[in-house]
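Report on one structure; see the data block that follows.
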Amino acid sequence: MKCMYCGCIESKVVDSRTSEDGTSIRRRRECINCGRRFTTYETVENTPIFVIKSGGARQAFDPNKIKAGIIKACEKRPVPASEIDKLVADIQKKIYNSLVQEISSKEIGEMVCERLKEIDEVAYVRFASVYRSFTDTSSFMKELEKMVKKDKKQ
């Protein structure tokens, strides 16, 4: 780390602490050349991920949008907020761990549907009805029939 006072590239770490939110490390350094102290912060560098919408538009990945959709689907359902937070965190982790720079909104929607089905079937149907854009009652009924058949097999 280059000293901001004399430009020397050699310094020693005197003290290290994690930040309050745990996303960075604060390091107190001392320059080997001039002896002055300075502070640096070390953070994880995130590669931006873009979501490709159905119309082809691209926008930055925002987990808050996923959370808002899930909250809407779980409205008046016995789904704890902690479960919603865990679901969003799991999806976010899965997306970042995939090491892709672009992901389609369809893929994200499928991830949410897959997990919501396990948590609450009514919330799943609500989310799927918006996400899959059911145009009429027959397409909606087909989805419900799939769920009923799957439940009978189990």
Side-chain angles (χ1 to χ4, degrees), residues 1-2 4 11-29 37-154:
M1 186 61 58
K2 191 175 185 179
M4 58 188 281
S11 64
K12 65 180 179 181
V13 176
V14 179
D15 182 38
S16 286
R17 296 180 188 176
T18 55
S19 64
E20 287 182 26
D21 61 0
T23 59
S24 63
I25 297 175
R26 177 184 180 268
R27 298 199 193 279
R28 199 70 184 129
R29 297 179 175 271
R37 292 185 174 191
F38 57 97
T39 303
T40 60
Y41 292 90
E42 183 179 316
T43 60
V44 174
E45 184 177 8
N46 285 331
T47 305
I49 295 177
F50 292 96
V51 177
I52 303 169
K53 306 295 274 180
S54 57
R58 286 175 166 66
Q59 59 183 217
F61 171 69
D62 183 2
N64 292 323
K65 289 186 176 185
I66 296 171
K67 186 175 183 176
I70 294 170
I71 288 172
K72 193 73 170 162
C74 293
E75 204 169 273
K76 297 182 182 178
R77 298 296 304 154
V79 179
S82 61
E83 191 74 28
I84 293 170
D85 289 339
K86 184 180 182 317
L87 171 59
V88 173
D90 289 349
I91 290 172
Q92 184 177 5
K93 184 177 177 181
K94 190 173 183 178
I95 290 170
Y96 279 114
N97 286 341
S98 70
L99 302 175
V100 296
Q101 290 184 328
E102 294 182 337
I103 187 167
S104 70
S105 58
K106 181 176 169 70
E107 290 177 79
I108 295 172
E110 287 299 325
M111 286 184 217
V112 172
C113 281
E114 185 180 301
R115 290 290 307 280
L116 260 181
K117 195 183 288 190
E118 299 167 8
I119 295 170
D120 187 276
E121 288 183 342
V122 173
Y124 160 73
V125 171
R126 287 177 178 170
F127 187 87
S129 68
V130 173
Y131 162 68
R132 294 200 174 117
S133 303
F134 294 140
T135 54
D136 54 20
T137 53
S138 64
S139 59
F140 189 74
M141 286 304 295
K142 286 178 188 174
E143 187 64 33
L144 289 175
E145 287 168 1
K146 282 185 206 174
M147 287 178 62
V148 170
K149 285 179 186 177
K150 192 173 184 179
D151 283 348
K152 286 182 181 178
K153 287 179 183 178
Q154 293 176 356

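Legend: residues meeting side-chain contact (heavy atoms from CB on, under 4.5 Å) with Arg17, ordered by chain and number and at least two apart, are Asp15. For Glu114, the side-chain hydrogen bond (donor to acceptor under 3.5 Å, both in side chains) test picks out no residue, with sequence neighbours left out. Listed by chain and number, the residues in a side-chain hydrogen bond (donor to acceptor under 3.5 Å, both in side chains) with Ser104 are Glu107 (sequence neighbours excluded). Looking at residues two or more places apart in sequence or on another chain, you find a side-chain contact (heavy atoms from CB on, under 4.5 Å) between Met1 and Ser11, Arg29, Phe38, Thr40. Applying the salt bridge (charged side-chain N to carboxylate O under 4.0 Å, His left out) criterion to Arg27, with sequence neighbours excluded, gives Glu42. In this view, Thr39 and Arg26, Arg28, Tyr41 satisfy the side-chain contact (heavy atoms from CB on, under 4.5 Å) rule, not counting sequence neighbours. With sequence neighbours left out, the side-chain contact (heavy atoms from CB on, under 4.5 Å) criterion links Lys12 to Glu30, Ile32. Here Glu83 pairs with nothing under the side-chain hydrogen bond (donor to acceptor under 3.5 Å, both in side chains) rule; sequence neighbours left out. Residues meeting the side-chain hydrogen bond (donor to acceptor under 3.5 Å, both in side chains) test with Asp85, sequence neighbours left out: Lys67.
Here side-chain hydrogen bond (donor to acceptor under 3.5 Å, both in side chains) pairs that include residues 91-100, with residues two or more places apart or in two chains, number zero. For residues 47-64, the set of pairs meeting the salt bridge (charged side-chain N to carboxylate O under 4.0 Å, His left out) definition, not counting sequence neighbours, comprises Arg58-Glu102.
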Just distance, no hydrogens or angles: give the donor-acceptor pairs under 3.5 Å from side chains in residues 68-82, sequence neighbours left out.
{"from": "Arg77", "atom 1": "NE", "to": "Asp120", "atom 2": "OD1", "distance (Å)": "3.1"}
{"from": "Arg77", "atom 1": "NE", "to": "Asp120", "atom 2": "OD2", "distance (Å)": "3.4"}
{"from": "Arg77", "atom 1": "NH2", "to": "Asp120", "atom 2": "OD2", "distance (Å)": "3.1"}

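Counting only heavy atoms from C-beta outward, the side chains of Ile52 and Ile103 never approach each other to under 4.5 Å.
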